Amino acid sequence: MAQIKIENLRKDFGSFNAVKSSTFTIEDGEFFMLLGPSGCGKTTTLRMMAGLELPTSGSIYIDGEEVSQKPASQRDIAFVFQMFALYPHMNVGKNISYPLISQGMPKAAVKKKVAEVAEILGIADILNRPVGGLSGGDRQRVALGRAIVREPKAFFMDEPLGALDAEFREHMAQELRALHDRMGATTVYVTHDQLEAMQMGDKIVVMNHGVVEQFGVPQEIYDWPATKFVANFLGSPPMNFLDFHAMVGKGTDSVTLGETAFAIPSLLKGANGDLCLGVRPEHVTLDDASTYKGRVVAAEYLGTTQIVTLDTPNGRVKARVASSDKVTSDTQVGLSFDARTVTIFDNDNGRALVSKANEGVLNNG
Ligand code: ATP
């Protein structure tokens with residue numbers, strides 16, 4: 001059980017800056033996701049938390065104690081890697097008991113502990129089996145058993161499901177989450193898969209080029225992205241971006257796209273410049289009454305919904321609408337957006353002017 005706090009964490013490899021200045025807190029018992037594209041610094045951040053890499057600057061606290069410069073062995077963390085390197089010459093029981101035997105725990109206590117852990121993982125009946133012939137799922141359970149048995153303060157997992165095929169991956173993801181809910185141990189999980197992060201995580205940190213773009217609960221990050229990067233990285237299809245130039249007076253609460261003014265309550269007070277309206281595909285409605293038109297380029301049938309691609313005066317837009325909505329290629333249709341769900345971004349820096357996370361930031365009028 002552990003709270004893990006990161007403050008201004010930075011890592012340089014020679015002249016290359018891999019992690020810029022990360023600050024976030026992982027609360028005790030959370031299932032916490034480090035999410036971002038390849039090379040964004042997720043693994044480096046995790047390795048610094050584990051003590052496998054020392055930070056260039058900044059601090060790491062575990063349960064209030066600063067551990068930034070302490071070696072991994074003094075942090076009481078269990079690392080579960082992508083490749084489940086089990087000891088091939090030992091059976092399941094011996095693989096799980098190995099960390100306890102190395103610590104010098106008496107035999108009877110080891111046996112009791114291994115039985116407990118095997119029960120939690122549902123592998124009590126295969127303790128005597130060699131690990132060689134096990135299925136992928138059982139190998140993962142044994143690897144987890146070996147981590148759990150030590151009762152560490154926290155579990156760190158680096159893309160543990162990365163090598164599995166899609167169906168099995170989903171099954172193991174559910175099992176991992178259920179196991180976490182039973183045990184309640186702080187878990188930090190690295191992934192580049194936005195769906196996995198949203199499905200499994202209590203909280204998510206989204207990283208890009210070594211920078212923490214946003215930190216929060218999945219729905220907050222999805223609904224109120226702090227940057228265009230986050231808006232684009234989460235969601236499939238991602239958020240639509242409609243560029244526009246705003247020269248609005250104080251108190252004007254609308255966005256003009258083409259000739260059409262969209263009411264955007266209290267967002268744009270005094271904003272000027274090159275801005276962008278972000279709207280998720282599921283918040284775009286095909287609306288004959290709207291004077292804002294788009295030309296239908298394609299419709300992709302997905303069962304209960306369809307993704308309609310349209311060209312508008314402000315760029316390409318994707319709408320997720322009911323499959324029963326009739327659309328014809330190459331025709332003009334009206335579009336409307338739910339004003340409560342849009343985000344306005346500043347195109348100069350890609351940041352949301354106002355989102356739930358930073359409401360009130362825009363007030364330069
Ligand atoms: P991936 O999912 O591809 O592993 P990641 O987000 O986990 O991506 P990191 O492994 O943390 O990314 O790497 C961040 C950056 O730091 C990458 O550009 C990587 O090449 C670089 N890097 C990582 N470790 C080292 C190292 N030991 N020496 C030099 N550069 C490194």
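Nothing fancy with the numbering, it's 1 onward along the sequence. Every value quoted in this text rests on a predicted model; they were computed, and no experiment measured them. Only this structure's heavy atoms are used, side chains among them; waters, hydrogens and symmetry mates stay out. Whatever order the structure lists them in is the order used to number ligands and atoms, beginning at 1.
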K.L.:
Do you know which of E30, E27, E220 makes salt bridge (charged side-chain N to carboxylate O under 4.0 Å, His left out) with K203?
P.N.:
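Of the listed residues E30, E27, E220, the salt bridge (charged side-chain N to carboxylate O under 4.0 Å, His left out) partner of K203 is E30.
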
K.L.:
Applying a heavy-atom distance cut-off of 4.0 Å, which protein residues contact ligand 1?
P.N.:
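Correct list: F13, F16, A18, P37, S38, G39, C40, G41, K42, T43, T44.
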
K.L.:
Does anything in residues 86-101 pair up under side chain to side chain donor-acceptor pair (under 3.5 Å), and if so which pairs, sequence neighbours excluded?
P.N.:
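Residue pairs passing side chain to side chain donor-acceptor pair (under 3.5 Å), neighbours aside: N95-R146.
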
K.L.:
Between the main-chain N or O of A185 and the side-chain N or O of H180, is there a donor-acceptor pair closer than 3.5 Å?
P.N.:
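Yes, H180 side chain to A185 backbone: donor-acceptor pair under 3.5 Å.
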
K.L.:
Suppose we screen for salt bridge (charged side-chain N to carboxylate O under 4.0 Å, His left out). Which residues come up paired with R150, at least two apart in sequence or across chains?
P.N.:
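R150 satisfies salt bridge (charged side-chain N to carboxylate O under 4.0 Å, His left out) with D76 only.
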
K.L.:
Just by distance, do the side chain of K11 and the backbone of L54 share a donor-acceptor pair under 3.5 Å?
P.N.:
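Yes; at least one donor-acceptor contact below 3.5 Å.
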
K.L.:
Show me the donor-acceptor pairs within less than 3.5 Å that the side chains of residues 105-121 make with the rest of the protein, sequence neighbours left out.
P.N.:
from: K113; atom 1: NZ; to: E116; atom 2: OE1; distance (Å): 3.2
from: K113; atom 1: NZ; to: E151; atom 2: OE2; distance (Å): 2.4

